[in-house]
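Got a structure for you, written out below as structure tokens; questions coming shortly.
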Amino acid sequence: MKILVINGPNLNMLGIREPGIYGDRSFAALEKFIKDSAAELNIEVSLFQSNHEGEIVDVIQSAYGVFDGIVINPAAYTHTSVAILDALKAVGLPTVEVHLSDINSREEFRRFSYVSLAAKKTICGMGFDGYREALEYFC
Ligand code: DQA
């Protein structure tokens, strides 16, 4: 099984960025955690991170016919991007949405997720473990 894992803007700043919310582990540590989890679950994983909405749309489109599913943390685009929602609907791949923090217990504007409208499941507030749970969903 081949799963594409997409991380959105500012997640590359993990470890530096608001450690009280996102923890003190780096983005490299997150990527290693995802790769190790995938190997244990016998999943072939491909990792992509971008700070640019259009690049995320492009990578979702290019997943069509190549991957069996998508795990996505759209970061701030969660709450703004109809383009990412439409791309996910266009390819129709099963998608699990992940957030490190609990978006429901933060500012009001984080409570709405466009991506949730296309996701089979949303996991939030579990830190790195949320990505493992997302991969387990596909098993
Ligand atoms: C986030 C939550 C978003 O609201 C925020 O904009 C992020 C990260 C999370 O993983 O908790 O950048 O997606």
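Whatever order the structure lists them in is the order used to number ligands and atoms, beginning at 1. Please read these numbers as outputs of a predicted model, since none were measured by experiment.
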NZ/NE/NH1/NH2 to OD/OE distance under 4.0 Å, Glu136 and Arg132: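 Looking at Arg132 together with Glu136, the answer is yes, because their closest N to O distance falls below 4.0 Å.
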Test: Lys121 cationic atom under 6.0 Å from Tyr137 six-membered ring centre, within 45° of axis: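 No; the conditions do not both hold, so Lys121 does not lie above the ring face of Tyr137.
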Taking every non-hydrogen atom, the tightest pair across Ala75 and Pro9: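 Answer, listing the atom of Ala75 first, then Pro9: CB-O, 3.3 Å.
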contact_flag Tyr77 ligand 1 heavy-atom lt 4.0 Å: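 No, that is not the case, since the closest heavy atom of the residue is not under 4.0 Å from the ligand.
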Protein contact of atom 8 (C) of ligand 1 - nearest heavy atom, named by residue and atom, plus distance: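 Minimum-distance protein heavy atom for atom 8 (C) of ligand 1 reads Tyr22 OH, 3.5 Å.
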Test item: side-chain donor near acceptor, Tyr131 and Asn7, under 3.5 Å: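 Judged by distance alone, the side chains do pair up.
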Atom 5 (C) of ligand 1 - nearest protein heavy atom and its distance: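 Answer for atom 5 (C) of ligand 1: Arg110 NH1, 3.3 Å.
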Ionic contact status for Lys120 with Glu97, cut-off 4.0 Å: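 Judged by the 4.0 Å cut-off on N to carboxylate O distance, Glu97 and Lys120 do not form a salt bridge.
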Carboxylate-amine/guanidinium contact Arg106 Asp102, below 4.0 Å: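 A salt bridge is absent here (no side-chain N lies under 4.0 Å from a carboxylate O).
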Arg17, portion touching ligand 1 at heavy-atom distance under 4.0 Å: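 Within the 4.0 Å criterion, Arg17 contacts ligand 1 through side-chain atoms alone.
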4.0 Å heavy-atom contact, Asn73 with ligand 1: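 Contact check Asn73 vs ligand 1: positive.
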Atom pair CG (Leu93) and CD1 (Ile60), whose distance is rounded to the nearest 0.5 Å: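 CD1 of Ile60 is found 9.5 Å from CG of Leu93.
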Nearest-contact summary for atom 9 (C) of ligand 1 - protein heavy atom, Å: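 Looking only at protein heavy atoms, the one closest to atom 9 (C) of ligand 1 is Leu100 N, 3.4 Å.
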N or O contact, Ser101 vs ligand 1, cut-off under 3.5 Å: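 Between Ser101 and ligand 1, an N or O pair is found under 3.5 Å apart.
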Cation-aromatic face contact Arg25/Phe128, 6.0 Å, 45 degrees: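 Yes, a cation-pi geometry holds between Arg25 and Phe128.
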N/O separation below 3.5 Å, His79 to ligand 1: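 Among all N and O atoms of His79, at least one is under 3.5 Å from an N or O of ligand 1.
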Short N or O distance, Ala76 and ligand 1, threshold 3.5 Å exclusive: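 Yes, Ala76 has an N/O under 3.5 Å of an N/O on ligand 1.
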Distance-only N or O hit between ligand 1 and Val98, under 3.5 Å: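 It does not: no N or O of Val98 is found under 3.5 Å from an N or O of ligand 1.
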Contact with ligand 1 for Arg111, non-hydrogen, under 4.0 angstrom: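 Contact absent.
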For atom 1 (C) of ligand 1, the protein heavy atom that lies nearest, with its residue and separation: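 Of every protein heavy atom, His99 ND1, 3.7 Å lies nearest to atom 1 (C) of ligand 1.
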Side chain, backbone, both or neither: the part of Ile103 lying under 4.0 Å from ligand 1 by heavy atom: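 It is the side chain that touches ligand 1; the backbone stays farther off.
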Between Asn51 and Gln49: side-chain donor-acceptor atoms closer than 3.5 Å: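 Per modelled atom types, Asn51 and Gln49 side chains form a pair under 3.5 Å.
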